[in-house]
Amino acid sequence: MDFYRRVAVVGQRIPRGRVATYGQIAMLCQKPRAARQVGYALGRVLPPGTLPAQRVVGHGGRLSGARSFATPHTQRELLEREGVCFLPDGRVDMVRSAWQTTLQQVQELEALFLQLGI
DNA sequence: GGGATGGCGTTTT
DNA sequence: AAAAACGCCATCC
């Protein structure tokens, strides 16, 4: 499905030290209500390593996918190692670490989708 | 075809 | 604050 290829393209553009939410990725793929399918893409569809999965978190910075990493705290460790900030309650500090996408970047993605025919 | 099931998210108790 | 109820939509029995 083209949607999953888009998820891969978008996910690969999440900068090191930043995180994106499932919903945010769905938006960037032009499918605002497909947050769950993003999760499905990461867990079941895309080959492991296709994109930095540790940088994809739930709304508000929840580490909802931590279970599918090597150990329950692997995701957190990977993120801390690349400089992502955490709050006392264990969520990512989205104010400091969320991936901010500019209109420019969104348009680049659209162009890329078009170019790739996806 | 139809019901269950998600690495989700929002709204309502 | 926490839990449940919905809405969502591709997949998998």
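Each chain gets a letter, A, B and so on, in the order its sequence line appears, and its residues count up from 1.
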So what does A:G23 touch, heavy atoms closer than 4.0 Å: a base, only the sugar-phosphate, or nothing? sugar-phosphate
Heavy-atom check, side chain of A:L51 versus side chain of A:V56, under 4.5 Å: yes
How close or far is atom C1' of B:dC8 from atom CD of A:Q24, stated in whole angstroms? 14 Å
Donor-acceptor pairs under 3.5 angstrom involving side-chain atoms of residues 79-99 of chain A: please list them, not counting sequence neighbours.
{"from": "A:E80", "atom 1": "OE2", "to": "A:R76", "atom 2": "NE", "distance (Å)": "2.9"}
{"from": "A:E80", "atom 1": "OE2", "to": "A:R76", "atom 2": "NH2", "distance (Å)": "3.1"}
{"from": "A:E82", "atom 1": "OE1", "to": "A:Q54", "atom 2": "NE2", "distance (Å)": "3.1"}
{"from": "A:E82", "atom 1": "OE1", "to": "A:R55", "atom 2": "NH2", "distance (Å)": "3.3"}
{"from": "A:E82", "atom 1": "OE2", "to": "A:G17", "atom 2": "N", "distance (Å)": "3.1"}
{"from": "A:E82", "atom 1": "OE2", "to": "A:R55", "atom 2": "NE", "distance (Å)": "2.6"}
{"from": "A:D89", "atom 1": "OD1", "to": "A:R91", "atom 2": "N", "distance (Å)": "2.9"}
{"from": "A:D89", "atom 1": "OD2", "to": "A:R91", "atom 2": "NH1", "distance (Å)": "2.5"}
{"from": "A:R91", "atom 1": "NE", "to": "A:G60", "atom 2": "O", "distance (Å)": "3.0"}
{"from": "A:R91", "atom 1": "NH2", "to": "A:G60", "atom 2": "O", "distance (Å)": "3.2"}
{"from": "A:D93", "atom 1": "OD1", "to": "A:V95", "atom 2": "N", "distance (Å)": "3.1"}
{"from": "A:D93", "atom 1": "OD1", "to": "A:R96", "atom 2": "N", "distance (Å)": "3.3"}
{"from": "A:S97", "atom 1": "OG", "to": "A:C85", "atom 2": "N", "distance (Å)": "3.1"}

Looking only at heavy atoms, which two atoms of A:G117 and A:D2 are closest? And how far apart? O-OD2, 4.0 Å
May I have the step-by-step check of side chain to side chain contact (heavy atoms under 4.5 Å, CB included) for A:V10 and A:F113, ending in yes or no? CA-CA 10 Å; A:V10 172; A:F113 294 155; 3.8 Å; yes
Quick one: are A:M27 and A:T101 in side-chain contact, heavy atoms under 4.5 Å? no
Quickly work out the A:R62 CZ to B:dG7 P distance and round it to whole Å. 12 Å
For DNA chain C, produce a single dot-bracket line, 5' to 3'. Pairs: Watson-Crick or G-U wobble, both distances under 3.5 Å. Symbols: ( ) within strand, [ ] crossing, | other strand, . unpaired. .||||||.|||||
Does OP1 or OP2 of B:dC8 have a side-chain N or O of A:S64 closer than 4.0 Å? yes
With sequence neighbours left out, which residue pairs that include part of residues 4-16 of chain A fulfil the side-chain hydrogen bond (donor to acceptor under 3.5 Å, both in side chains) condition? A:R13-A:E108
A correct 5'-to-3' footprint of nucleotides 4-13 of chain C, with B, S and - meaning base, sugar-phosphate only and no protein heavy atom under 4.0 Å, is ---BBBSSS-
Strictly below 4.0 Å, heavy-atom distances to any atom of DNA chain B: list the hits from residues 47-55 of chain A, or just say none. A:A53
A:C29 versus A:F3, closest heavy-atom pair with distance: CB-CE1, 3.7 Å
B:dG7 and C:dC6, which share atom name P, separated by this distance in whole Å: 23 Å
Residues 34-50 of chain A, side-chain donor-acceptor partners within the protein, below 3.5 Å, at least two apart:
{"from": "A:T50", "atom 1": "OG1", "to": "A:P47", "atom 2": "O", "distance (Å)": "2.3"}

Go through the steps for A:V19 and A:I14 under the test side chain to side chain contact (heavy atoms under 4.5 Å, CB included), then give the verdict. CA-CA 7 Å; A:V19 300; A:I14 307 172; 5.7 Å; no
Is there a continuous path of hydrophobic side-chain contacts, each under 4.5 Å between heavy atoms, that joins A:V57 to A:L78? no
Is there a side-chain contact between A:R18 and A:Q100 (heavy atoms, below 4.5 Å)? yes
Whole-Å distance, A:L63 CG to B:dG9 C1', equals 17 Å
